[in-house]
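This report concerns only the one structure given below.
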Amino acid sequence: MRLASIVSIVCLVCLMACSYAEEPTTCTLSVQLVYPENTIDPYAGAPVELRGLGKTAIFTDSTDAKGCVTFVVTPGIYEASSSAQFIDSTTNIWWRYNFNGVKSMIIVDPDSTNLASIVLKSSRKRIVH
């Protein structure tokens, strides 16, 4: 009888401990790519990678037509980067643009605006056919 009571109490405690489901706090982080002047306008599909510092979390997404991407992450410190290649064929001369940029120490917090801008550096090369 005593053993059955102990087993019942242990099972009851385990069930009570498992019934509490805590949802992690999440924040929205918007990352805006800033292109150099005299290159191209923002475009949809540029890759952006977001890494959680001190974590193994890596998020990858693509920009919208305005050059912005939004992530939903837990609060913390992050690093965002973008590296892309774009071929401009709007004129008779074709150009290949390479864009690279990184923004470190992005603090994501429920009480802040959570907006980061990555200023891209560029190089271009003429494509000869």
F59 vs V73 side-chain heavy atoms within contact, under 4.5 Å = yes
inquiry  = Please report the interatomic distance OG(S81) to CZ(R51), rounded to the nearest 0.5 Å.
reply    = 7.0 Å
inquiry  = A side-chain contact here means heavy atoms from C-beta on lying under 4.5 Å apart; do Q32 and C68 qualify?
reply    = yes
task = Would you check, one step at a time, whether the test side chain to side chain contact (heavy atoms under 4.5 Å, CB included) holds for W94 with D88?
result = CA-CA 6 Å; W94 287 34; D88 182 15; over 6 Å; no
key: Worked check of side chain to side chain donor-acceptor pair (under 3.5 Å) between E79 and S104   = CA-CA 4 Å; E79 175 180 273; S104 297; 3.0 Å; yes
ask   = Roughly how far, to the nearest 0.5 Å, is OG of S117 from CD1 of I106?
value = 9.0 Å
ask   = Do T63 side-chain atoms and Y43 backbone N/O form a donor-acceptor pair below 3.5 Å?
value = yes
inquiry  = Please report the interatomic distance CG(L120) to CD1(I40), rounded to the nearest 0.5 Å.
reply    = 9.0 Å
Polar side-chain atom of D109 near backbone of P75 as donor-acceptor pair, under 3.5 Å = no
Sub-6.0 Å ring centroid separation between Y35 and F99 = yes
ask   = Where the side chain of S82 meets the backbone of P47, is there a donor-acceptor pair that is under 3.5 Å apart?
value = yes
ask   = How long is the span from the CD atom in Q85 to the NZ atom in K125, to the nearest 0.5 Å?
value = 10.5 Å
message = Measuring from atom CG of N100 to atom OG of S83, what distance do you get when rounded to the nearest 0.5 angstrom?
response = 4.0 Å
ask   = To the nearest 0.5 Å, what is the distance between CD1 (I107) and CG (L29)?
value = 12.0 Å
